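These numbers come from a predicted model, not from an experiment. Below, each value reflects all heavy atoms present in this structure, side chains not excepted, and no hydrogens, waters or symmetry copies.
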Amino acid sequence: MFAFLLGLSWLVLTPICIWRLFGREQSRPARVSGVVTLAMLEAATLTVAWAEQPPHDTDGRSVAGASAHVAAHAPTPSTSTPSAAPSPACPTRTPAPESVQPARRSRDGVRGLTIYWTAAPQQCRTATVTFRRTGRKVRIWLDEGAVHGADVQGRESRTLPVRVAEGRAALDLTLMPPLRPGARYVAVDGRTGDRIPEKRRPNK
């Protein structure tokens, strides 16, 4: 409203002030009053302009910069891809060894056995083989999945990788010290006490 009145005052008083300044037969006080009136209008205009001036531009840049800094360092929303759920453990079972085969021979004797058994539809990638050597006998226990068997004196347990081919699972068991050369060994199922037949290698 004040700005409107100020503009109206400029329209009305400016011609009068000019007439008093440059009109003929004007007295000195009249000329002075014209100058003072114009000076007052100019001062009022500057005051209104200063009051309505927006905040300094540097303040705006500071606020914008601070907002950008906060946005850049703010934690991102939880839209990341969730970590893959762990694969379920394979089912626990105790397969029966079906056959064994000497895996490696050396001058010292047989250093390892390959143990075979029937693979499951969802075969575990590893199996725990527990064995105990007594003379010429090697007693063997197989476990898949979570194994909670208690340690028994004289037994050794190893978790080994399993390979599957044509429906049969197999793993390689290293024996240290190796079986004596020329000595006949007997592999026995540790749970049933039955002898595990030896699988013969095909003739080349």
Side-chain angles (χ1 to χ4, degrees), residues 1-95 115 117-130 141-151 156-174:
M1 184 66 181
F2 184 76
F4 173 77
L5 294 177
L6 182 60
L8 184 62
S9 299
W10 273 103
L11 291 175
V12 174
L13 296 178
T14 298
I16 297 175
C17 292
I18 292 176
W19 178 71
R20 286 191 175 187
L21 286 174
F22 302 104
R24 295 180 179 181
E25 299 179 356
Q26 293 294 327
S27 61
R28 185 179 181 83
R31 297 179 188 275
V32 172
S33 64
V35 173
V36 171
T37 303
L38 289 176
M40 292 178 63
L41 288 173
E42 184 67 22
T45 302
L46 293 176
T47 301
V48 171
W50 180 82
E52 295 182 355
Q53 185 178 5
H56 201 275
D57 188 51
T58 56
D59 296 338
R61 287 196 298 268
S62 299
V63 173
S67 300
H69 178 77
V70 171
H73 292 80
T76 56
S78 179
T79 58
S80 59
T81 304
S83 58
S87 59
C90 58
T92 301
R93 70 185 191 118
T94 55
I115 305 172
W117 68 97
T118 302
Q122 295 180 348
Q123 179 61 48
C124 296
R125 296 182 179 180
T126 60
T128 300
V129 54
T130 303
W141 294 260
L142 286 177
D143 293 278
E144 295 180 2
V147 179
H148 303 285
D151 293 336
E156 298 182 49
S157 294
R158 299 175 191 172
T159 300
L160 302 172
V162 175
R163 61 183 182 275
V164 178
E166 299 180 355
R168 294 177 64 81
L171 60 79
D172 294 328
L173 173 64
T174 301

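- Residues Glu144 and Pro95 come closest through the heavy atom pair OE2-CG, 3.8 Å.
- By the side chain to side chain contact (heavy atoms under 4.5 Å, CB included) test, Thr94 is found to be paired with Asp143, Arg191, residues two or more places apart in sequence or in another chain being considered.
- Evaluation of the side chain to side chain contact (heavy atoms under 4.5 Å, CB included) rule for Val35 yields Leu21 as partners, not counting sequence neighbours.
- Between Leu171 and Ala127, the closest heavy-atom pair is CD2-CB, 4.0 Å.
- In terms of heavy atoms, Gly145 sits closest to Cys124 at N-SG, 3.8 Å.
- Evaluated for a side chain to side chain contact (heavy atoms under 4.5 Å, CB included) with Ile115, the options Val129, Leu160, Asp172 yield exactly one hit, Val129.
- Counting all heavy atoms, side chain and backbone alike, Val164 lies closest to Ala119 at CG1-CB, 3.9 Å.
- To the nearest 0.5 Å, atoms CZ (Arg158) and OG1 (Thr126) are separated by 15.0 Å.
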